[in-house]
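So that the names make sense, note that chain A is the first sequence line, chain B the second, and so on, each numbered from 1.
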Amino acid sequence: MSWTRRFVSVLSVVLAVLAAALLTAPVASAHEERPVTLPDGSGSVPAHRTGEPDLLVCKTDRADFERRIAAFPAGLKARNQELFARCGSNGYRHLQQAVDAVDRPGMNIAILPGLYEEEPSLPAPTGACASLKAPTSSFGYQILSYEQQARCPHNQNLVAILGKKNLQIEGTGASRLDVVIDAKYAKLNAIRADKSDGVYFRNFTAQRTTFNSLYVLAADGFVIDDVLTRWNDEYGFLTFASDHGLYKNCESYGNGDSGIYPGSASNINDGYGYDVPRYSIEITGCRSHHNMVGYSGTAGDSVWVHDNEFDHNMGGASMDSAFPGHPGLPQNHAKFERNLIHDNNEDYYPYVADGTCAKPPAERGYENGVVCPQISMPPGSGIITAGGNWNLYEDNWIYGHDRTGFYLNAVPAFIRGESAWAKQTDTSHHNRYANNRLGTDKDGNSRPNRTDVWWDGQGRENCWQDDTGASSPRSLPACGTARGEVSGATARLVGEPVKLAQLLVCADYSVQARRLPAGCDWYGARGLERVEVQIALAASLLLALVGTALWWRRLRGRRLAAAALLTGLAGLALDVAGSTFTLAPTYVPALALLLTGAWWTATGLLLRPTRPVFAWTTVALGLLTLLDAFDKAVLMIPGIPLSPAWLRLLLGVVWVLWAVIAAGTRPAPDPSGPADPSATPDRPSEDHPEAAAA
Amino acid sequence: MNRPAPRRRTAPLTAAALAAVLLLAAGCGDRPTTHHKPGTGHEQGTGSGGTLLAARDDSGHRLRDLPAADAPTVRAEARPDTEGGWNVHLAVERFRFTPESTGGGALAGRGHARLLVDGRETARAYGPWFHVPPGARTLTVRLYADDHTAWSVAGAPVETTVPLASASSAPSTPASASPSAPPSPSSAPARTPDPTPTGRTLDIRVTGSTVTPAPSRVELKKGERITLRVTSDRPDTVHVHGYDREATLTPGTPAALTLTADRTGLFEVETHESGLVLTQLVVR
């Protein structure tokens, strides 16, 4: 009956908050692509081939070429001169022409120093290609089938590599900047390798697209080696639905989403624990900087990320399960080892606010350091996990962040379009943060993070190293020495209510509408502007008012009650203080709960004689609040499905209403009760408390 | 080529959330198409960077022609420096200095300036301020695209020329120090600026936490020499990473640090006390 209905409605509210909060959860990345399935995993990581190239690509201006190679070491210079001579007679002038000439697996293309603008591929499509029938993505481009890509390869791609097996494309310069493939913001992708297993890219630069510079799709086997990508609306490197991949010694910067995005890497370790047979994609020796995030992995499954540097982004790395249409969700089994993740404190949101990002891509000024952050995320964060399982973060250096080193929250399955009840709490579990050097650079200098951990409190078997500094919540489950060992493991279905409220506000970001939620500190809100402070202030004022009225009407004259009230008011004031950006990761919020809890408990005990049921409710609220303080400061209580904060919130709503009634009505006659013996002269209302209350 | 996307899923967040909850409660429902709000526009540009002409400018770079209404413009203003030479400021319209993308394709409205002193090309400018050493008589500033073609209108390069020596009270040599002193009162000992500083000279001024010109990258060929002239408004030390070269900065006095770029890589030039990055040297 009404109990069940109330339960359902309460649950709905909880889920609504949760849903809204995570609808565009803290970081995530997505792109829309034709439906693709993950490779069967029968391929392998291709090896670099050093033999003579089969096909040569160069420009014809000899003087220009000589200038470009003038400073090369003698051997390399001679080699380039020899290749240039050969290329002049039987080479190609554009990379696409050489790719089109590939007629068997295992060919090598050498591309000589120069600027490649791929003029024949550059014009906008005409004829039949201009009117393809295909769905339009929310990003504005058409989602083409593979056959359509093959028929019209330059609708979206400057260079299209379609269905070529074991192709190697290598620049012959002294550095990757000697060969530049420039899309000049005229195409979504500079290079697209689609269904091209075993592709090997080496030693060049690709830049300036309206989506990604280097795009590998549905490949079983690929290597990205010593390649630079920069200045893209979304990604530098995007490798999607692929297996047996290797990124090494790459660099990317100036991207509106991430430098490196191994999205929907093959989900080969689903069902395993921490010990897995292999990883589908390995990323090492790369640097990704001055992007929204250095690395992102919506469905970045089974990716081994080690010995990289992600710095000076808004966030160092993120992985999530927040977007539909990615094979392999929920995200799982990323392994981050020995990475330098530091100083990710850039803030590019002002470029959204001032209209820079509303201009066409070519006019935004990416080359001068502009980045247009595509989605909502907390700047100043090291590694963000918005819905992910079985991730290992070990032996990394995480330092110099203005917000937090590790950020973890849950994302229920319906956010990614899966409605089965059993899946709604299938993230974020078994994430292990251990043996990282927090707040210390490689030389041992102290470079603290403002906080080391921000966690919404949801999930099973997540753990952190025991030398974690300031964190929110202040107490965290601790990792044991072996993977899988957790002391004080928790298993909560929903995160902390105030944190979900904050996520709800923060998620209402739209780069297109230039909407930067005013209450969210991700976009610069401080002090009273922050929704957490507003909530705390409103709740504290309400509780102070109700509490004071209750004392005035029911407990006036009792010294203990007055002391309790003062304690409570102090606690409420501290609660507001503890909600500020500075004090939130300290013990102040727990102290506030302690004082408030003590007030309620004492008040409840004092009220026993006159209103026993209400009194015990008050005591229960007080004890729950004390429990919440214990939970936040001393030890997260294991084995409960909801944090004490939720129960306190729900009971608190009931209590406020009840307290208003209790304060508003005249006390029932109670000859034995010591409370207010003199304050009940008018008999009629005593007989009709409901009337008085109404 | 792409028409604007039809407006989909523009319902407010909360409504969408409630809908999701209702679907959830009902235990069924369609899969949402996307929860990623459309981000920035991804409109593909036309790639228009003017018309490449067969004609070349006097330093051998091909011209890239734009209609006058779209073409950049440049004006230069030269003021004598108290220590000799001229401080030159460029006022550009429809133009942005893009040192980072030099070597890339030409896009209208961006690139760099080349400085021709007495008709001879001496340096590039990647920002609006630079210094011309004494002895120069005329300065020509010409605007170039990232691919080193010269921007032009109707076949004429976009450029400006300012006379230096003949300016009314402007000194032609550092000896006749100008009484009409520019704002920075320098009590510096009269350093004799090297008249033929081998390689390029980069002037950097640090005022508080502001670095002028704004920090960017300087591209050097391996083996090239560069002189960094740094003027700070407070005592500090300037340090070139990688090369581990340092110079002490005395307030108001330019400190020169000359080095040969004999190692390739990316090297930061920083101040030690204030921790500012002044520029980055890219040696290739």
Side-chain angles (χ1 to χ4, degrees), chain A residues 12 15-16 19-20 23-24 28 30 32 70-71 115 117 122 124-125 130 136-142 155 174-175 177 180 182 184-188 207-208 210-211 231 233-234 256 322-325 357 360-362 365 367-368 372 374-375 414-417 419 421 424 507-508 510-512, chain B residues 1-6 8-9 12-14 16-18 20-49 60 96-101 103-110 146-148 216 221-224 264 282 284:
Chain A
S12 301
L15 285 171
L23 207 55
T24 49
E32 290 183 85
L115 167 65
E117 301 181 58
L122 202 57
T136 306
S137 78
S138 59
F139 295 88
Y141 60 81
Q142 285 188 300
N155 272 23
S175 92
L177 278 163
V180 174
D182 193 345
K184 297 188 291 186
Y185 307 109
K187 296 292 172 193
L188 288 174
Q207 64 187 30
R208 302 205 283 199
T210 64
F211 223 86
W231 307 319
D233 276 5
E234 299 272 345
F323 298 96
C357 297
E367 300 90 338
N368 296 82
C372 291
Q374 296 290 344
I375 49 182
F414 67 87
I415 298 297
R416 58 176 198 263
S419 55
W421 273 105
Q424 298 313 315
D508 190 29
S510 167
V511 57
Q512 213 167 53
Chain B
M1 101 180 169
N2 290 321
R3 281 167 287 115
R8 295 198 288 175
R9 305 199 60 78
L13 195 66
T14 41
L18 283 171
V21 169
L22 288 175
L23 287 177
L24 195 64
C28 67
D30 295 331
R31 211 191 73 167
T33 50
T34 174
H35 284 289
H36 190 310
K37 288 176 201 166
T40 58
H42 292 79
E43 53 272 44
Q44 300 170 25
T46 55
S48 159
R96 173 192 288 161
F97 291 96
T98 50
E100 274 260 43
S101 56
L107 283 174
R110 60 190 80 186
D146 280 345
D147 67 348
H148 305 295
S216 63
K221 287 226 161 62
K222 194 180 171 189
E224 197 177 340
T264 55
V282 186
R284 292 195 265 144

Heavy-atom nearest pair, A/Pro361 first then B/Gly41, reads CG-O, 3.9 Å
Ranked by heavy-atom pairs below 4.5 Å to chain A, first place among B/Gly109, B/Ser216, B/Pro99, B/Gly105 goes to B/Gly105
Heavy atoms only: give me the nearest B/Lys221-A/Ala71 pair and the separation to one decimal.
CD-CB, 4.4 Å
Looking at every non-hydrogen atom in both residues, tell me the closest pair between A/Thr210 and B/His42 and how far apart they are.
O-CD2, 2.8 Å
Which atom of A/Ser175 lies closest to which atom of B/Arg284, heavy atoms considered
OG-CD, 4.1 Å
Taken to the nearest 0.5 Å, the spacing of B/Gln44 CD from A/Asn155 CG works out to 8.0 Å
Could you tell me which residues satisfy side chain to side chain donor-acceptor pair (under 3.5 Å) with B/Glu224, sequence neighbours excluded, listed by chain and number?
B/Arg200
Does the distance from a Lys or Arg side-chain N to an Asp or Glu carboxylate O, for B/Asp146 and A/Arg208, drop under 4.0 Å?
yes
Please check: side-chain N/O of B/Arg96 versus main-chain N/O of A/Glu367, any donor-acceptor pairing under 3.5 Å?
no
Here the pair of heavy atoms bringing B/Phe97 nearest to A/Asn368 is O-ND2, 2.7 Å
Is a side-chain donor or acceptor of A/Gln374 paired with a backbone partner of B/Thr40 at a separation under 3.5 angstrom?
yes
Which atoms form the tightest heavy-atom contact between B/Arg110 and A/Tyr185, and what is the distance?
NH1-CE1, 4.3 Å
